[in-house]
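Heads up, the thing below is written out as C-alpha cells.
Computed from heavy atoms alone, side chains included, the values below leave out hydrogens, waters and symmetry copies. Start at 1 and go down the list; that is how both ligands and their atoms are numbered.
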Amino acid sequence: MSDFDILDEEVRSCTLCTLSAKRTNAVPGDGDRKANVMFIGEGPGYYEDQQGIPFVGRAGQLLNEMLESIDLRRQDIYITNMLKCRPPNNRDPLPAEITACGPYLERQIRMISPKVIVTLGRYSTANFFPTEPISKLRGKPMSWNGITILPVYHPAAALRNGKLKDALHRDFQQIPELLDTDESADRSDPPLNTPSTTTEERQLDMFAPHPTEKDPTPNSDEEPCPAESGPKQMSLL
Ligand code: URA
C-alpha cells in the first residue's frame, strides 16, 4: 500500500470531527497523484458525498469545462477539498472542521509536491492567504513555499454569477503558462505577485485558522474572507 493509499484509507475511516457521523462517503481526493497542478475546493456536496469523488456535481461540470478550455483533463490534475466530508446542507466549513481536516491536505500537498496549486474559492484561498478577500487575490499567482498558488473564484459561485464565471475563465487561461515556467525561475519569487503579507507571515499562515463569518449563500465568493483569531496552527510544509 502506498503512502497515498494509506492516507485515503485514513480519510475514509476518519472520525476527527462530527461531519463523519453523517457522511455517506468521505471524499479524499481524485486524479493524478503525480500531477503538476493541484486544485483545492471547499468541501464535498451532495453528489460528492454519494460517490466519494470530488467535484462530480454542477460545479464539477463547470470545472471540467474550464479545464477543457486549457486542454487539461481531470486525469491530468489532482483535485481535493479542504474538508473531506460533506457539511450538512452544504453550509460553510467551521474552523474546527478545517483544523481537524488540515493535516490530510497538508500531507496531500507534500506527497504530490505540485508546481501549481489552484485554490477554488475563498475558503481554500484563505488557507494560504487569510488576510485578503478572494476578489483581491483572484487571478494573481503568488509564490508560497516554492509552489505557485493561483486563487480563483469557486465554480459554484461562478454558476450563480456570470461576471464571476468570465473571471474564472480568464484566470484559468493563466494556468498553462504557470505550468510552463522555468522551474528555477518559478520556484523563486518574481514575477509572481506578492500579497500584502510577507513571505514569512504567509508561511506561518499555512493551514492557520479560518474564516468564521457565516455567509447565507454557500461559496459566495463575492464576499471577503475575514481572518479569525482562532485555534491551532498546523505544521508547515
Ligand atoms: N464544491 C467543492 O468545493 N467541492 C466539491 O467537491 C464539490 C463542490
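Of the polar atoms of Pro44, none of the N or O atoms is found under 3.5 Å from an N or O of ligand 1, judged by distance alone.
With hydrogens and angles ignored, the 3.5 Å screen pairs no side-chain donor or acceptor of Asp32 with any backbone N or O of Tyr78. In this structure a side-chain-to-backbone donor-acceptor pair under 3.5 Å is missing from Gln173 to Arg170. Using a distance-only test at 3.5 Å, with no hydrogens or angles considered, a donor-acceptor pair links the side chain of Thr80 to the main chain of Pro28. Using modelled atom types, no side-chain atom of Glu48 and backbone atom of Gly43 make a donor-acceptor pair closer than 3.5 Å. Of the possible polar contacts, none joining the Thr125 side chain to the Pro151 backbone as a donor-acceptor pair under 3.5 Å is found.
Contact atoms of ligand 1 toward Pro54: 6 (O) (distance under 4.0 Å to a heavy atom of the residue). Atoms of ligand 1 lying under 4.0 Å from any heavy atom of His154, numbered from 1 in the order shown and given with element: 1 (N), 2 (C), 3 (O). Taking every non-hydrogen atom of Gly41 and a distance limit under 4.0 Å, the qualifying atoms of ligand 1 come out as 3 (O).
Within the 4.5 Å cutoff, the side chain of Leu63 has heavy atoms near those of the Ile79 side chain.
For Gly43, the heavy-atom gap to ligand 1 drops under 4.0 angstrom. By the 4.0 Å heavy-atom criterion, Met82 is excluded from the residues contacting ligand 1.
Residue-level proximity to ligand 1 for Glu42 is carried by backbone and side chain together, each with a heavy atom below 4.0 angstrom.
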